[in-house]
Amino acid sequence: MMRDGRPLESPIGGPSWAASLTADERSQVLDGYVAYWGRYTIDHSAKTLHIDAEGSIRPGWAGGKQQRTFEFSDDARVLTLLYIVPEGTHRLVWTRV
């Protein structure tokens, strides 16, 4: 998942594409992106998704557990995952096309 508007690398690109960015731009690129993977289970009655993160771009999440609350729209075309942290609630919205 990533935020729109992250800085672009120089036109040369290549495997060391981040080398063309300033330190601030590299920070913006990393801060605007999250990736994790692993097995998950769903508790339908509690509307929660439990993720056993096998790996993540965030080192502290690898090997740990993540939990998200989920909501479906009335027509089940929109799935919203809610990640609640002390600073606020992050929403990931998926829409079936």
Side-chain angles (χ1 to χ4, degrees):
M1 296 163 275
M2 67 181 180
R3 181 179 63 233
D4 287 337
R6 296 180 323 141
L8 298 174
E9 73 262 28
S10 74
I12 3 177
S16 301
W17 65 269
S20 68
L21 301 175
T22 66
D24 184 55
E25 288 171 329
R26 284 193 298 275
S27 177
Q28 290 177 45
V29 167
L30 183 59
D31 191 42
Y33 181 82
V34 66
Y36 54 92
W37 58 95
R39 298 182 180 273
Y40 63 91
T41 57
I42 298 172
D43 182 338
H44 290 279
S45 61
K47 294 188 175 183
T48 55
L49 172 69
H50 302 272
I51 305 142
D52 290 317
E54 295 173 26
S56 174
I57 194 167
R58 295 181 67 168
W61 285 13
K65 298 184 181 300
Q66 293 291 312
Q67 179 175 303
R68 306 289 184 269
T69 302
F70 66 85
E71 304 170 346
F72 279 103
S73 62
D74 290 338
D75 64 0
R77 294 184 51 83
V78 179
L79 166 63
T80 303
L81 294 178
L82 305 167
Y83 178 45
I84 301 167
V85 294
E87 299 80 23
T89 300
H90 300 272
R91 296 176 184 276
L92 172 64
V93 179
W94 292 349
T95 304
R96 181 182 295 167
V97 290

Subject >> Side chains of Asp43 and Thr41, donor plus acceptor under 3.5 Å >> reply: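 No, no side-chain donor-acceptor contact under 3.5 Å.
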Hydrophobic cluster membership, [X] vs [Y], 4.5 Å side-chain cutoff:
{"X": "Val93", "Y": "Val34", "value": "no"}
{"X": "Ile84", "Y": "Trp94", "value": "no"}
{"X": "Tyr83", "Y": "Trp37", "value": "no"}
{"X": "Val78", "Y": "Leu92", "value": "no"}
{"X": "Leu82", "Y": "Leu49", "value": "no"}

**OP:** Give a yes or no on whether Tyr40 atom OH has more than 12 heavy-atom contacts from other residues, nucleotides or ligands under 6.0 Å away.
**Re:** no
Subject >> Reported CD1-to-CD1 distance for the pair Ile42 and Ile51, which is rounded to 0.5 angstrom >> reply: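 So the CD1 of Ile42 and the CD1 of Ile51 are separated by 9.5 Å.
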Subject >> Considering all heavy atoms, the nearest Leu21-Glu25 contact >> reply: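 In terms of heavy atoms, the two residues are closest at CA-OE1, 3.3 Å.
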Please table the atom pairs, donor to acceptor, closer than 3.5 Å between any side-chain atom in residues 57-71 and protein atoms at least two apart or in another chain.
from, atom 1, to, atom 2, distance (Å)
Lys65, NZ, Asp52, OD1, 2.5
Gln66, OE1, Arg68, NH1, 3.0
Gln66, OE1, Arg68, NH2, 3.3
Gln67, OE1, His50, ND1, 3.4

Original post:
Any side-chain heavy atom of Arg26 within less than 4.5 Å of one from Leu30?
Top reply: no
Subject >> Candidate list Asp74, Asp75, Leu79, test side chain to side chain contact (heavy atoms under 4.5 Å, CB included), partner Arg77, passing option >> reply: Asp75
